[in-house]
There are 2 protein chains.
Amino acid sequence: MKKATPRKPAHTVTTKDIADRTGLSKMTVSRVLNNHQYVSEETRRKVMAAVRELGFTPNTLAKRFFTGKTRLLGVVIPLEYMFSSYYFKELFQGVLECAEEHGYDMLLNDSTSKRMPPLEKCRGLVKGKLVEGLLLAAPMTYDDYPLVLTKEAVPLVVTGETACGEKVNRVGISNRECARDAVLRLAKLGHRRIGVLTFDEKHQESQERLAGYKEGLEAAGLPAAADLIVPAHYSRREAFAEAQRLLKAHPDVTAIFALNEGMAVGAADGLCSMGLNIPGDISLVSFDDSAEIENYDPPISAIRQFPHKIGHSACKMLIGILEGEARPRKPLSLMIDTQFMERSSMALASTKRGRR
Amino acid sequence: MKKATPRKPAHTVTTKDIADRTGLSKMTVSRVLNNHQYVSEETRRKVMAAVRELGFTPNTLAKRFFTGKTRLLGVVIPLEYMFSSYYFKELFQGVLECAEEHGYDMLLNDSTSKRMPPLEKCRGLVKGKLVEGLLLAAPMTYDDYPLVLTKEAVPLVVTGETACGEKVNRVGISNRECARDAVLRLAKLGHRRIGVLTFDEKHQESQERLAGYKEGLEAAGLPAAADLIVPAHYSRREAFAEAQRLLKAHPDVTAIFALNEGMAVGAADGLCSMGLNIPGDISLVSFDDSAEIENYDPPISAIRQFPHKIGHSACKMLIGILEGEARPRKPLSLMIDTQFMERSSMALASTKRGRR
DNA sequence: TTGTAGGCGTTATCAC
DNA sequence: GTGATAACGCCTACAA
């Protein structure tokens, strides 16, 4: 009569206790708890009464363990680069909402943690059967771990751009098309020399947006303009200085396209403090919206994403993969719509400065 | 010969398989895997070889289930009010770092979710034995659920201020003292009429900071100034307008203390666009720091928190409670230091405007 | 409609 | 050093 009982904090109320109390079997109790059919009303009442009296709560872990379905998903975010609070806030809301709707819980992980590389961490989580699948939020370009995991048959969905080509399941926006569209809008207003503030050539998102910028120029019949492509590394501060430098070096520039929201604000500040007027002297467009962008003086035109929808859709896609009979043969890809927020930072190209 | 096997996806490699393969028992395998003492080198090698060959990974869930320790913690955040990205970013980093150090994982939850009230959700998580304890990040004032849970003996730690008095375990900063100190600094520069932008009277954090402001005035021998207390509801926009209104109504005001960072920027913008000079005409101090505050022209003095440390400490406190023999009798309380970042937005009180 | 048996993958206990 | 056994709390399968 040796017991392997590990460590009982006090006494955990189990279905057994309910069974003893009511004189029924554990099974009948379980049936009541899970709303099975074929349970007499009498029995149901007795069980529920005992549940209340003893303060019983089913052990989620035990259940999940038995069924082999943990209903746990890993969500991995690059905390270190979590700049845009509105984006991640809404992304989270979408993810959590969807998870709740489907009875899943989310395990939080940081892909930029110094302690453990994300590949190892993720692999451990999945292989150890703690989580059923992974949601990777906006991995950095040089991250190829989503692809490695996909090859190992780990169910996962990536939000945002990846460096993994079309080989992983993905939910995001058409960065390239959005950028292209923005440039075309500027071109229609008569802008022929359009500067662009980029952030990092190695970053996939940046690459896509920049490619869209180039496509836009071409579609508008404007010449490529390598000299107007200015890296400002995600930095508001750099954008401030770089925008000024750009306009001094190229007085014919009449519009600036900032590939993220921080750089847009930085550029706007820089231009204003040079004494330039937006949009009188120069037009400005931001990729990504924010409260600051919207409330700037003047309000800045922006490409707005709907991160809530991205998060919700990504989570739903993951759950679909997990609960679907078969894994999809080809990687799934879903593009979420964006909206161009036309505000007063855009106007017809000014010729005053350009001709000097 | 009836089996209760629920649903085997394919074939899960278990310790049993390793045991069969090596001709050893499950127990010995387990001992090797957990680096127990009393295992011969020979045996260890054989087991490890089989582990590699069969691609075995221990089932984390089963282990946690058996031991009754899920090593899962619930982290609850008010996503809807997650304004300041730097604060939560660093808080998360601290929490995750600490959790990783101690072998815990974090389950993410949103206390502002419309789908389920946080009390129910938290209770379900803990009573269902899915998580061992809770980390509640900056609950709103009117949230008394931390107290309810504490009374139900749920292990939890709150970061930030709470409406629960001293009755819950807590890690935060001394909002009151920090505000008091800031006001005293302004008073020492000769400021006698100091306006304050608050956010929400029902919000505990706001209350504490405001109380500190009042204490500061008193300690400096300045009269209470109910007419200088202006609500701007966390809003940058409102702060813009309210700061202007305040200065028009009270030309003798020479300093403004904004109780959060967003309002500080809004106020600064508002003052500048009135043609006022900071700090020439008016001094400005922000509660909470940010990149924008630091890079503003002029850089704005701010009370800087260390959210990473708050998060790390809170997580450590929770783990301490969980792993400590007995629950603490009195609620724990830990205050994390802050730092006053003295920047050029503060100067000696100007008399030019005050006398009109 | 309810009960019995068995097992999910692991580890604690005790015996050898 | 190693192995047999039981048990964690629950649920599927089958029998009654």
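Letters go in sequence order (proteins before strands), and every chain restarts at 1. Just so you know, these numbers use all the heavy atoms, side chains as well, and skip hydrogens, waters and symmetry mates. Owing to the predicted nature of the structure, the values given are computational and were not obtained by experimental measurement.
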N/O donor-acceptor pairs under 3.5 Å from side chains in residues 149-158 of chain B, not counting sequence neighbours:
from     : atom 1 : to       : atom 2 : distance (Å)
B/Thr150 : OG1    : B/Pro146 : O      : 2.8
B/Glu152 : OE1    : B/Arg123 : NH1    : 3.2
B/Glu152 : OE2    : B/Arg123 : NH1    : 2.3

Quick check for you: to the nearest 0.5 Å, what is the distance between [X] atom [atom1] and [Y] atom [atom2]?
X: B/Lys26; Y: B/Asp17; atom1: NZ; atom2: CG; answer: 10.5 Å
X: A/Leu318; Y: A/Glu323; atom1: CG; atom2: CD; answer: 9.5 Å
X: A/Asn109; Y: A/Leu134; atom1: CG; atom2: CG; answer: 8.5 Å

Between C/dG9 and B/Arg64, counting only base atoms on the nucleotide and side-chain atoms on the residue, is there a donor-acceptor pair under 3.5 Å?
no

Taking only the side-chain nitrogens and oxygens of B/Thr43, find out if one of them lies under 4.0 Å from OP1 or OP2 of D/dT2.
yes

If you compare every side-chain N and O of B/Asn34 against the phosphate oxygens of C/dT11 (OP1, OP2), does one of them come in below 4.0 Å?
yes

Would you kindly give the [atom1]-to-[atom2] distance between [X] and [N], to the nearest whole Å?
X: B/Lys129; N: D/dG9; atom1: NZ; atom2: P; result: 8 Å
X: B/Phe65; N: D/dC8; atom1: CZ; atom2: P; result: 9 Å
X: B/Leu33; N: C/dT11; atom1: CG; atom2: P; result: 7 Å
X: B/Arg31; N: C/dC14; atom1: CZ; atom2: C1'; result: 11 Å
X: A/His36; N: D/dA13; atom1: NE2; atom2: P; result: 10 Å
X: A/Leu61; N: C/dC8; atom1: CG; atom2: C1'; result: 12 Å
X: B/Lys16; N: D/dG3; atom1: NZ; atom2: P; result: 13 Å
X: A/Arg71; N: D/dC11; atom1: CZ; atom2: P; result: 13 Å

Tell me every residue that passes side-chain hydrogen bond (donor to acceptor under 3.5 Å, both in side chains) with A/Arg45, counting only those two or more places apart in sequence or in another chain.
A/Glu42

Please enumerate all residues that pass ring pair (Phe, Tyr, Trp, His ring centres under 6.0 Å) together with A/Phe92, with sequence neighbours excluded.
none

The criterion is ring pair (Phe, Tyr, Trp, His ring centres under 6.0 Å); which residues satisfy it with B/Tyr145, sequence neighbours excluded?
none

Looking at B/Lys309 and B/Glu90, does any basic side-chain N land under 4.0 Å from a carboxylate oxygen?
no

Taking the minimum atom-to-atom distance to the side chain of A/Phe66, which one of C/dT11, C/dG7, D/dG3 wins?
C/dG7

From the candidates C/dT1, C/dT10, D/dG1, the one with an atom nearest any side-chain atom of A/Tyr38 is C/dT1

Angle by which the axis turns from one end of the helix from C/dT1-D/dA16 to C/dC16-D/dG1 to the other, five pairs per end, to 10 degrees
40°

Interface with DNA chain D, restricted to residues 18-30 of chain A and to heavy atoms under 4.0 Å
A/Lys26, A/Met27, A/Ser30

Go through the steps for A/Asp20 and A/Lys16 under the test salt bridge (charged side-chain N to carboxylate O under 4.0 Å, His left out), then give the verdict.
CA-CA 6 Å; A/Asp20 292 349; A/Lys16 176 99 174 37; 3.1 Å; yes

Heavy-atom nearest nucleotide on DNA chain D for B/Val39 versus A/Thr57: which residue maps closer to 5'?
B/Val39

